[in-house]
Amino acid sequence: MPTSDPEAPVATDFVREAVSEDLASGRFDRVHTRFPPEPNAYLHIGHAKAVWIDYGVAKDFGGRFNLRFDDTNPEKEDQEFVDAIIADMKWLLSADPDVHRHWDGQALFGSDYFDRQYELAQELIKKGLAYVCDLSPDEMREARGTLTRPGVDSPWRNRSVEENLDLFARMRAGEFPDGSKTLRAKIDMASPNLVLRDPVMYRIRRAHHHRQGDAWCVYPTYDWAHGLQDSIEGITHSLCTLEYEIHRPLYDWFLDQLGVFHPRQIEFARLNLTHTVMSKRKFVELVKAGKVSGYDDPRMPTLAGLRRRGYSPEAVREFCRRVGVTKAASVTEMYQLEDCAREDLNRRALRVMAVLDPLRVVITNYDDVKTEWVEAVNNPEDPSAGMRRVPFGPVILIEQDDFREEPPPKYFRLSPGTEVRLRYAYLLRCDEVVKDGEGQVVELRCTVDPATLGANPPDGRKVKATIHWVVADQALEAEARLFDHLFSAPHPEAEDSEPDSGEPGYLKHMNPDSLRVVKALVEPSVAGAAPGSVFQFERVGYFCVDRDSTAEKLVFNRTVTLRDTWAKIEKKLS
RNA sequence: UGGCGGAUCGUCUAAUGGUAGGACACCGGUUUUUGGUGCCGUAUGUCUAGGUUCGAAUCCUAGUCCGCCAGCCA
């Protein structure tokens, strides 16, 4: 069995089963897949699923993989997207160390086959299987019929081969205005499958193409172009999402009539995620309305957004593995994705201490000129990450939430008269609470037990909580961007259009707290961390350094919080 | 009311006529100088109704519900 890694169990899903059968039956003697994005938008997590199916099948069967841009509509496409998609693809597939065995890292372009395609269109005309049609868009829609009513033949359907050849050549030569004529396949206007009711193959559009420039004024439609692109590249398995299922008869028809190499199209269900939206159109609306800062806003489900949020390509790959491959329409819970981030970051993130909501603690029995350094573990999951030293001193900052003047039941942290462990340092007892004029707690006066530095107390007493801290005079001031779900409703798209106002209905479900910007006080060891570096702020969450960081001020994005058992307990109590 | 496709724990999925299993979420326990991680455990599911069979999630029949299709978008 030609698997790239014989040790790995071959994943079983209906696509891979079909591919196995094709190899066993001799229908194909190799496997070659492709991912065919249109360069008109940024890639999102749904595309990542498709890429990992397309690429993953090629990899599992020891085959090849192409990235091919489906660039047949110059009015929507742009070089900006080509560049962004290539960058995203390289990032995504870098999760496979063997990627070079299956993908050469290059991009192909459907538009490079325009000449060959034009010739094949002429072949179809010569066979009497395509004709030039003068119907306007409105007339064509009317003649197409409906779901329950058959269409009627175009009055131009029976032009002679010679006339069609001549007209088609003149269409290409630019003799007719935009939209005035089309080349259509002659199939069946009464077909119950609307896709087969004489579909348009070419339309006239004088638009500047991002690669072809102004060389063409006729552009092929998806159905006519896609199968041919696959065929020309020797693709064996053309994997796509379910909405193309009804196009498969047309995909097959073109290839059969032409008698060219015939790939097999197989369709799978696209990815949907709760608490977000997943369409180009909605991305554009969110960006244009200023609801997010751009396509790489860390709250967006784009690959650029996920990357900036702190997701590694490995975490995205694991997510795609977990959601599987089926034909059932589904909506995956966002928690699935978040768990993949936690699992990945737990393994790789360096631990540091940072306080997001500080409360000043003065240690009254600690020599106020003394700074000592305590030893801290960089990553308990990875001993090779080593140790570091963290400064400790007489005035520290702890998290407001780690102190309660009146502790609720089961609260193990600091309160008047109780004792907690300061991570990597001493046991700390709260002796006195200092308040301002409004009664707000502004400072704690505490004492440490000198016998407990990195050791349990000699008398054997236990504390139930360990809290994090930073030294007041050496902490780095940073910005922390705390992200949450973009939408508070799990299924914002369920309520799409708002009849009364012009605003799309799903916007009503946006989470007003999807971004909170706070000041963070971080231990000095993170000074100079490069953008993209990932950390766990102990007991708080996973953070990565944003590209907005400067030498003067670090900016952190919260990728995901840590699981918070106490928050659950407290929620139940209230 | 045309055609195509789909339906298994709350969610995503496995089981291809032979013990309905896993992951996430949830709940409980345990370990822990992160209320993190790890480990253990509880609970929850075959759309419905018939049929075939020693035995059905799986095969058959009828129904129900869901998704997609009427761009010169992809």
Side-chain angles (χ1 to χ4, degrees), chain A residues 12-13 17 36-38 40 70-73 75-77 133 135-137 140-142 144-151 178-184 191-197 199-205 218-219 221-223 225-226 240-249 267 269 271 274 280 321-340 342-343 346-347 351 353 377 380-381 410-413 420-425 427 452 454-456 463-468 490 536-542 561-570:
Chain A
T12 60
D13 56 61
E17 279 169 15
E38 184 187 14
N40 70 345
D70 200 345
D71 53 351
T72 58
N73 185 354
E75 291 173 324
K76 296 190 171 184
E77 296 152 10
C133 180
L135 252 28
S136 72
M140 199 180 289
R141 188 182 316 119
E142 180 58 31
R144 184 160 31 232
T146 67
L147 295 180
T148 52
R149 174 167 49 88
D178 283 11
S180 61
K181 284 179 167 45
T182 56
L183 183 73
R184 300 175 73 181
S191 172
N193 182 349
L194 303 238
V195 169
L196 263 16
R197 318 241 265 226
V200 170
M201 295 168 62
Y202 280 96
R203 69 280 211 181
I204 304 174
R205 284 284 176 285
V218 293
Y219 289 95
T221 54
Y222 168 85
D223 286 305
H226 200 89
C240 60
T241 47
L242 249 27
E243 60 265 34
Y244 294 102
E245 204 157 23
I246 57 162
H247 292 250
R248 179 157 26 98
E267 312 84 13
L271 175 73
T274 62
K280 293 166 195 169
R321 189 191 68 74
R322 289 188 193 184
V323 299
V325 187
T326 67
K327 298 192 74 158
S330 62
V331 185
T332 298
E333 289 181 335
M334 184 67 86
Y335 308 113
Q336 277 298 343
L337 216 209
E338 291 167 352
D339 186 68
C340 292
R342 288 197 186 96
E343 183 190 86
N346 177 53
R347 213 176 320 117
R351 305 298 114 135
M353 290 195 284
V377 175
E381 306 296 320
K410 297 193 177 167
Y411 185 84
F412 301 148
R413 281 111 95 153
V420 292
R421 160 71 61 185
L422 290 174
R423 181 79 158 148
Y424 296 123
L427 257 40
T452 58
N456 287 321
V463 294
K464 295 191 84 167
T466 296
I467 66 172
H468 60 278
Q536 184 197 102
F537 290 177
E538 289 211 42
R539 302 207 311 130
V540 177
Y542 294 101
T561 61
L562 255 31
R563 284 199 186 83
D564 190 347
T565 306
W566 165 244
K568 281 181 193 167
I569 295 170
E570 191 171 33

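Residue numbers start from 1 in every chain, and the chains themselves are labelled A, B, ... in the order their sequence lines are given, proteins ahead of strands. All of these numbers come straight from a predicted model, not from anything done at the bench.
Taking the P atoms as reference points, G3(B) lies 33 Å from G10(B), given to the whole Å. Comparing G17(B) with C60(B), their P atoms sit 12 Å apart, to the nearest whole Å. C24(B) sits 30 Å from U33(B) when the C1' atoms are compared, rounded to a whole Å.
Searching all strands for a Watson-Crick or G-U wobble partner of G18(B) with both distances below 3.5 Å returns C54(B). A 3.5 Å limit on both hydrogen-bonding distances identifies C4(B) as the Watson-Crick or G-U partner of G67(B). Nucleotide A62(B) forms a Watson-Crick or G-U wobble pair with U48(B), both donor-acceptor distances falling under 3.5 Å.
Distance NE2 (H247(A)) to C1' (A74(B)): 9 Å, rounded to an integer number of Å. Atom CG of L562(A) and atom C1' of U37(B) are 9 Å apart (whole Å). Atom-to-atom, CD of Q536(A) to C1' of G36(B) comes out at 6 Å; the value is rounded to the nearest Å. Residue L196(A) contributes atom CG, which lies 14 Å from atom P of A70(B) at whole-angstrom precision. Between the CG atom of L147(A) and the C1' atom of G71(B) there is a distance of 14 Å, given to the nearest Å.
Taking only side-chain atoms of R423(A), from C-beta outward, the nucleotide of U33(B), U13(B), A25(B) with the closest atom is U33(B). Listed nucleotides: G2(B), U37(B), U13(B). Nearest to the side chain of E381(A): U37(B). Of the candidates A74(B), A25(B), G35(B), A74(B) carries the atom nearest the N73(A) side chain, counting heavy atoms from C-beta on. The side chain of R205(A) sits closest to C73(B) out of C73(B), U33(B), C69(B). Nearest nucleotide to the S330(A) side chain, out of G5(B), C12(B), A70(B): C12(B). Among the nucleotides A74(B), G36(B), G71(B), the one closest to any side-chain atom of R563(A) is G36(B). With G36(B), U34(B), C72(B) as the candidates, the nucleotide lying closest to the side chain of E538(A) is U34(B). Among C72(B), C69(B), C27(B), the nucleotide with an atom closest to any side-chain atom of K568(A) is C27(B).
Applying the 3.5 Å distance criterion, the base of U33(B) shares a donor-acceptor pair with the side chain of R421(A). Interface remark: the R413(A) side chain does form a donor-acceptor pair with the G35(B) base, using a distance-only criterion of under 3.5 Å. The base of G10(B) sits within donor-acceptor range of the side chain of E333(A), with an N or O pair under 3.5 Å.
Side-chain atoms of R141(A) never come within 3.5 Å of backbone atoms of G145(A) as a donor-acceptor pair (strictly under, hydrogens ignored). Remark: side-chain polar atoms of T221(A) are not paired, donor with acceptor, to backbone N or O of Y202(A) under 3.5 angstrom.
The glycosidic torsion of G71(B) lies within 90° of 0, which places this base in the syn conformation.
Stacking here means ring centres nearer than 5.5 Å and ring planes tilted less than 30 degrees, and by that measure W566(A) stacks onto G35(B).
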